[in-house]
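Contents: one structure, followed by commentary.
Side chains are part of it too, since the values below use all heavy atoms of this structure and drop only hydrogens, waters and symmetry mates. Remember, predicted model here, so these are calculated numbers, not experimental data.
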Amino acid sequence: MFDTHAHLQDRKLQGDVENILQRAREAGVEKITCIGYDLPSSQEAVLLAHKYKQIYAAVGVHPHDAETVTPEVLERLKGLAKDPKVVAIGEIGLDYYRDLSPRDKQMEAFIEQIKLAHAIGKPIVVHDRDANQDVIDTIKKYKAGKNGGIMHCYSGNLPLAAEAIKAGFYISFAGPLTYKNARQAQEVVVKIPMDRLLVETDCPYLTPEPLRGKINEPAHVRYVVEKMAALRNQHPDEVAYLTDRNARKVYGIKD
C-alpha cells in the first residue's frame, strides 16, 4: 500500500516516527508521501524523506497560510522542489470553510504554486474545502493537471470528480470514506475508474473507523483500502496493489 498523504512532521507524531514507520511496514504500507503545508513543514518533509527510504516529500503552502507566500518563499520552495525525493507541490488550494486567509490571497498563492509546479515539471496535491467550483475553474484555466495531480481527501460530488479526472487528476480518499455519513464519497469511489483512485490517511487527522478518536498514522490506511474494496466488490489486495500503482505513476516513482 501507498499512503499518498501524511503529515509525519506534525507535532503529534514527532519523536515516534521510527515506530510509526515500523507499524506501517508491518501493515503492508511500503511508501508514504510526507506533505508540507508551509515552508518550515516542507523543509521538515524533505529532511524526513532523506532520512527514511520509505518516505517521499511534497512541498507547498496550504491555503490557511496563503499570506506567507512571498516571492522569497516561492524561490525557496522551488529550491526544495528540485530535490529528487520531492515528488509534488502541495498541499495547495482553497479553503472557504475556515477562511483563515483572505480568499484573494488564497487564490493568488494557489495560482503561483501551480506555476511553480509547471516550472519544475511535477504534479500538485490539491486541498479543496467548500471551494469546489473555484478550485476546478482554476485547475482548468491554468492547466494545473499538465504534470498530473491529486485531489486530496476528496469531498466533492461525482460530476466534479469527472471534471478533475478529465483535467489530469487522481482522486484520493482518506478516513472519512469509512464514516456512516460518507454516501457521496462512497458513490464517487464506486463510479470512477479504478486507475484514478488513491488512498491516504492525512495523518494524524481523519482517523478511519473503527479507530476514530485515536491519532491517525499510515498503518491505518488499510481501513480505507478495505472500505474501498468492499464498495467496489474487489479484494482488498487488488485495491492495495492498484492504488499503489496509481500513486507511483502520479508521483513518478520508479522503484
Side-chain angles (χ1 to χ4, degrees), residues 1-25 29-66 68-70 72-93 95 109-110 112-114 116-117 119-127 147-153 170 172 174 198-206 215-221 244 247-248 250-255:
M1 291 178 286
F2 196 134
D3 181 358
T4 61
H5 195 115
H7 300 292
L8 296 174
Q9 72 280 59
D10 191 279
R11 289 177 193 169
K12 292 179 182 177
L13 303 179
Q14 282 178 353
D16 197 34
V17 172
E18 299 220 356
N19 291 326
I20 287 167
L21 293 179
Q22 180 59 35
R23 290 192 292 270
R25 282 190 291 270
V29 181
E30 293 185 355
K31 296 193 183 298
I32 302 159
T33 303
C34 184
I35 309 284
Y37 42 87
D38 57 16
L39 181 58
S41 65
S42 294
Q43 293 168 326
E44 290 172 39
V46 176
L47 289 173
L48 285 169
H50 279 280
K51 188 173 182 180
Y52 301 104
K53 187 178 179 182
Q54 197 173 355
I55 298 175
Y56 290 82
V59 300
V61 179
H62 191 286
H64 290 344
D65 295 296
T68 70
V69 178
T70 62
E72 180 188 2
V73 166
L74 287 167
E75 197 59 34
R76 292 178 73 181
L77 286 173
K78 186 175 183 180
L80 289 173
K82 291 177 180 177
D83 189 294
K85 286 215 77 177
V86 173
V87 293
I89 300 298
E91 65 188 275
I92 64 175
D95 192 310
F110 188 23
E112 288 303 316
Q113 291 180 96
I114 289 171
L116 171 58
I120 61 165
K122 291 184 179 179
I124 63 172
V125 179
V126 175
H127 172 102
N147 300 302
I150 297 170
M151 300 299 289
H152 141 66
C153 193
Y170 290 72
S172 185
L198 300 171
V199 293
E200 61 170 279
T201 57
D202 198 22
C203 73
Y205 313 104
L206 303 179
I215 292 175
N216 203 8
E217 60 180 77
H220 301 159
V221 79
D244 174 84
R248 290 169 190 258
V250 67
Y251 281 141
I253 296 170
K254 301 289 192 285
D255 61 338

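Atom CD1 in I150 sits 7.0 Å away from atom CD1 in I35 (nearest 0.5 Å).
For L8 against V17, the heavy-atom pair with the smallest separation is O-CG2, 3.8 Å. Counting all heavy atoms, side chain and backbone alike, K12 lies closest to P204 at CD-CG, 4.0 Å. Nearest approach of L77 to L116, heavy atoms of both residues: CB-CD2, 3.9 Å. Taking both residues in full, the closest heavy atoms of V61 and A66 are given as CG1-N, 4.4 Å, listed atom of the first, atom of the second, then distance. Across A81 and V86, no two heavy atoms sit closer than the pair CA-CG1, 3.8 Å. Listed here is the closest heavy atom pair of Q9 and A45: NE2-CB, 3.9 Å.
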Exercise for the section: Show the numbers, then the answer: is there a side-chain contact (heavy atoms from CB on, under 4.5 Å) between I120 and I89? Expected result: CA-CA 9 Å; I120 61 165; I89 300 298; 3.7 Å; yes

Problem - Criterion side-chain contact (heavy atoms from CB on, under 4.5 Å) on V59 and V46, from CA distance to verdict - result: CA-CA 8 Å; V59 300; V46 176; 3.8 Å; yes

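Residues D202 and H7 have side chains that bring a donor and an acceptor to within less than 3.5 angstrom of each other. Counted by atom type alone, T201 and D3 present one or more donor-acceptor pairs between their side chains at under 3.5 Å. For the 3.5 Å distance criterion, the side chains of Q22 and R25 qualify, holding a donor opposite an acceptor.
Looking at F2 and V221, their side chains never come closer than 4.5 Å, going by heavy atoms from C-beta outward. Between V69 and F110, the closest side-chain pair of non-hydrogen atoms is not below 4.5 Å. Contact of the D255 side chain with the K31 side chain is registered, since non-hydrogen atoms from C-beta on lie closer than 4.5 Å. By the 4.5 Å heavy-atom criterion applied to side chains, I55 and L21 are counted as neighbours. Residues L39 and T68 fail the side-chain proximity criterion, which asks for heavy atoms closer than 4.5 Å. Looking at heavy atoms from C-beta onward, Y205 lies in side-chain contact with D10 at the 4.5 angstrom threshold. Side chains of V29 and M1 form a contact here, defined as non-hydrogen atoms less than 4.5 Å apart. Annotation: side chain of D16 is in contact with side chain of R23 (closest heavy-atom distance under 4.5 Å).
Of the candidates H5, E91, H64, H127 forms a side-chain hydrogen bond (donor to acceptor under 3.5 Å, both in side chains) with just one, namely E91.
For the pair Q113 (side chain) and G90 (backbone), a donor-acceptor distance under 3.5 Å is absent. Between the S42 side chain and the G60 main chain, a donor and an acceptor come within less than 3.5 Å of each other. Side chain of Y251 to backbone of T4: a donor-acceptor contact under 3.5 angstrom is found.
Applying the 6.0 Å contact sphere to CZ of R76 captures no more than 12 heavy atoms from other residues, nucleotides or ligands.
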